[in-house]
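Take a look at the structure below.
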Amino acid sequence: MFSRNKNTSKLDLEQHELLENAQKRVKQKKRLYTHFVVFLVGSVFLVLINKILKYGQEYNWFVWAITFWGFLFVLHIFNVFVTNKFMGNDWERSQRERLVEKQKKRIAELEKEIEQELKLPTAIESEPKNKLL
């Protein structure tokens, strides 16, 4: 009876974590798609300003603006689809576990040092007592 509750709570935590991760991914992709639509509309708007409204008509400046914006969009795509695979939840979990292990190892080393420091004075004190007896 008690083991069932523990298993279900563990499953609930895992399911909750999976649900949160899925929601984060959906938000990332939704922002990317929104960025794409804004990029398309903005690009058309820049071309219209330059060609139809004849603002800075002597030079096609919209090409540079769209190229820069396109570069930012490619970075956004890279961040959502490539970086997330290499530095996603699994990577974060492994890094966290590695750091925790390093901390545990360091704490164990410090505890050994403290024990050695505490044993040395007591060993020195016990020697004169033995000599007196």
Side-chain angles (χ1 to χ4, degrees):
M1 182 176 201
F2 292 112
S3 63
R4 286 185 185 174
N5 291 339
K6 290 180 183 177
N7 289 338
T8 56
S9 65
K10 191 174 186 179
L11 288 176
D12 290 340
L13 289 174
E14 289 176 4
Q15 289 175 348
H16 181 69
E17 184 179 332
L18 289 173
L19 182 63
E20 283 182 353
N21 293 337
Q23 287 175 338
K24 287 179 186 177
R25 276 302 275 166
V26 167
K27 284 183 181 180
Q28 283 180 338
K29 288 182 178 183
K30 184 177 179 181
R31 288 181 187 141
L32 179 68
Y33 298 145
T34 303
H35 187 177
F36 178 69
V37 170
V38 171
F39 171 70
L40 289 179
V41 171
S43 297
V44 170
F45 184 68
L46 291 174
V47 171
L48 288 176
I49 289 175
N50 188 239
K51 295 297 182 184
I52 304 298
L53 298 178
K54 299 179 181 179
Y55 181 78
Q57 184 181 10
E58 63 277 351
Y59 181 68
N60 291 333
W61 53 266
F62 69 90
V63 174
W64 293 105
I66 292 173
T67 302
F68 178 72
W69 198 351
F71 176 73
L72 293 177
F73 182 67
V74 168
L75 286 177
H76 193 171
I77 291 172
F78 184 80
N79 185 29
V80 170
F81 290 111
V82 177
T83 306
N84 194 43
K85 284 186 179 182
F86 293 115
M87 295 184 181
N89 294 322
D90 295 334
W91 179 82
E92 286 179 10
R93 186 175 293 116
S94 67
Q95 292 297 312
R96 194 170 36 245
E97 289 172 359
R98 185 179 62 86
L99 290 173
V100 166
E101 287 301 318
K102 281 177 82 174
Q103 289 174 351
K104 285 181 181 179
K105 186 183 279 187
R106 181 65 180 144
I107 289 170
E109 290 173 2
L110 289 173
E111 286 176 348
K112 285 180 183 179
E113 289 177 14
I114 291 171
E115 286 177 10
Q116 288 176 354
E117 288 177 6
L118 290 176
K119 286 181 181 179
L120 287 177
T122 56
I124 293 171
E125 290 175 6
S126 62
E127 288 178 14
K129 290 179 182 177
N130 291 337
K131 289 181 182 178
L132 294 174
L133 296 174

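The chain is numbered in sequence order, starting from 1.
Pairs engaging residues 19-28 under the salt bridge (Lys or Arg N to Asp or Glu O under 4.0 Å) rule: none recorded [sequence neighbours left out].
Cluster membership for Phe39 and Phe71, using ILVMFWY side-chain heavy atoms within less than 4.5 angstrom, is not shared. A single hydrophobic cluster is seen to contain both Ile52 and Val44, as judged by linkage of ILVMFWY side chains at heavy-atom distances under 4.5 Å, directly or through other members.
Within the 4.5 Å cutoff, side-chain heavy atoms of Trp61 are placed close to those of Asn50. A 4.5 Å side-chain heavy-atom check between Phe81 and Gln28 finds every atom pair outside the cut-off. Residues Val47 and Ile66 are in side-chain contact: their nearest non-hydrogen atoms beyond the backbone lie under 4.5 Å apart.
Minimum interatomic distance between Leu46 and Phe62 (heavy atoms only, all atoms of both residues): O-CB, 3.9 Å.
Relative orientation of the His76 and Phe73 rings is perpendicular, given thresholds of 30° and 60° on the angle between their planes.
Between the NE2 atom in His35 and the CG atom in Leu40 there is a gap of 10.0 Å [rounded to 0.5 Å].
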For the pair Arg106 and Glu109, evaluate salt bridge (charged side-chain N to carboxylate O under 4.0 Å, His left out) and give the outcome as yes or no after the intermediate values. CA-CA 5 Å; Arg106 181 65 180 144; Glu109 290 173 2; 3.5 Å; yes
For side-chain contact (heavy atoms from CB on, under 4.5 Å), just list the numbers for Trp69 and Val38, CA-CA rounded to whole Å, side-chain angles, deciding distance to a tenth of an Å, and then say yes or no. CA-CA 10 Å; Trp69 198 351; Val38 171; 3.7 Å; yes
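Residues passing the side-chain hydrogen bond (donor to acceptor under 3.5 Å, both in side chains) test with Arg96, sequence neighbours excluded: none.
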